[in-house]
Amino acid sequence: MSDSEARNFQYLAYGLIACWVILVAYVLTLAARGKRLGRQLENVQRMMEDREGK
């Protein structure tokens with residue numbers, strides 16, 4: 001394997017690592033948003049139940 005081929009594989013590896021890091025960060029962000037939305041929905045449901053009880 002020549003030096004330029006080794007360098008190309010190194011750049012490919014860096015690119016793949018960067019893609020995985022971005023993908024994991026995106027999935028974690030989506031999970032956090034989902035949890036936050038779930039809590040907000042529960043709060044709205046409680047508010048509606050309280051309002052109906054009055």
Side-chain angles (χ1 to χ4, degrees):
M1 184 181 310
S2 69
D3 189 40
S4 64
E5 288 176 339
R7 203 170 345 122
N8 287 340
F9 279 117
Q10 186 178 15
Y11 291 142
L12 177 65
Y14 290 153
L16 289 174
I17 290 169
C19 287
W20 276 107
V21 167
I22 291 168
L23 181 64
V24 167
Y26 180 65
V27 168
L28 291 175
T29 301
L30 287 179
R33 286 182 183 180
K35 282 184 181 181
R36 189 172 58 233
L37 284 174
R39 285 193 305 263
Q40 288 177 349
L41 180 60
E42 288 175 7
N43 289 337
V44 170
Q45 286 174 340
R46 278 193 221 114
M47 287 171 45
M48 293 299 292
E49 289 171 358
D50 290 345
R51 218 173 202 185
E52 290 172 358
K54 288 184 178 181

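Only this structure's heavy atoms are used, side chains among them; waters, hydrogens and symmetry mates stay out.
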Q: If a pair satisfies side-chain hydrogen bond (donor to acceptor under 3.5 Å, both in side chains) and one of its residues is in residues 3-25, list it, with sequence neighbours excluded.
A: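 Non-adjacent pairs meeting side-chain hydrogen bond (donor to acceptor under 3.5 Å, both in side chains): S2-S4, Q10-Y14.
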Q: Roughly how far apart are E52 CD and E49 CD, rounded to 0.5 Å?
A: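 One gets 7.5 Å once the value is rounded to the nearest 0.5 Å.
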Q: Measuring from L12:CG to I17:CD1, what's the distance to the nearest 0.5 Å?
A: 9.5 Å
Q: Other than M47, which residues form its hydrophobic cluster under the rule that side-chain heavy atoms must be closer than 4.5 Å?
A: none
Q: For residues 32-41, please give each side-chain donor-acceptor pair under 3.5 Å, one per line with the distance, not counting sequence neighbours.
A:
none

